[in-house]
Amino acid sequence: MVVAKSAILITVADDFFDMEGSLDELNILTDAVRRWDSRGLSGHSNVIFDALDNLVKETAEKHLQQKKTDTTCFLKQIWVETFDSWLVEAK
């Protein structure tokens, strides 16, 4: 289920970067992901960030229950790198 949710989020966010968002919106969204804070987001950017935040929380919680280690910071870092690369591609 985590893989399916991740794939959907990747598809939606990548399409937003490729076709939908303005460069200003993409910069603001990427900055929010770097800070891991949705302040200043609206519309599609806010929906994407909320879905991402929920996915990371859910994934980290499942891993914590199964392996007794918190992977939240690692998951966030992976997503920061992903959004950074999408922003570079968009520019």
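When a residue number appears, it is its place in the shown sequence, counting from 1. Basis for what follows: all heavy atoms, side chains included, without hydrogens, waters or symmetry-related copies.
- Asp53 places a side-chain heavy atom less than 4.5 Å from the side chain of Lys57.
- Rounded to the nearest 0.5 angstrom, Arg34 CZ and Gln77 CD are separated by 10.5 Å.
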Distance-only donor-acceptor hits, side chain of residues 42-50, under 3.5 Å, sequence neighbours excluded:
none

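- Using modelled atom types, one finds no donor on one side chain facing an acceptor on the other under 3.5 Å when comparing Ser22 with Asp24.
- Of the inter-residue distances, the one linking Leu64 atom CG with Thr59 atom OG1 reads 12.5 Å to the nearest 0.5 angstrom.
- One hydrophobic cluster, built from ILVMFWY side chains closer than 4.5 Å, cannot hold both Phe74 and Leu55; they sit in different ones.
- Once rounded to the nearest 0.5 Å, the distance linking CD of Glu61 with OG1 of Thr71 reads 10.0 Å.
- From Glu58, atom CD reaches atom CE of Met1 across 8.0 Å, with rounding to the nearest 0.5 Å.
- When all heavy atoms of Gly40 and Ile28 are compared, the pair lying nearest together is O-CG2, 4.0 Å.
- Note on Leu75 and Ile8: same hydrophobic cluster, where clusters join Ile, Leu, Val, Met, Phe, Trp and Tyr whose side-chain heavy atoms are under 4.5 Å apart, directly or indirectly.
- For Trp79, there are no ring pair (Phe, Tyr, Trp, His ring centres under 6.0 Å) partners, not counting sequence neighbours.
- Contact of the Asp18 side chain with the Glu89 side chain is registered, since non-hydrogen atoms from C-beta on lie closer than 4.5 Å.
- For the pair Leu87/Leu23, a side-chain contact is recorded, criterion being any heavy-atom separation below 4.5 Å from C-beta on.
- Within the model, atoms OG of Ser38 and CG of Leu29 stand 10.5 Å from one another, a figure rounded to the nearest 0.5 Å.
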* To do: Give the intermediate values and the outcome of side chain to side chain contact (heavy atoms under 4.5 Å, CB included) for residues Glu20 and Asp15.
  => CA-CA 7 Å; Glu20 192 71 29; Asp15 286 351; over 6 Å; no

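- Leu26 is not listed as a side-chain neighbour of Trp86, based on a closest heavy-atom distance of 4.5 Å or more.
- Of the inter-residue distances, the one linking Lys76 atom NZ with Ile78 atom CD1 reads 13.0 Å to the nearest 0.5 angstrom.
- Taking 4.5 Å as the limit, some side-chain heavy atom of Asn27 sits within range of a side-chain heavy atom of Lys91.
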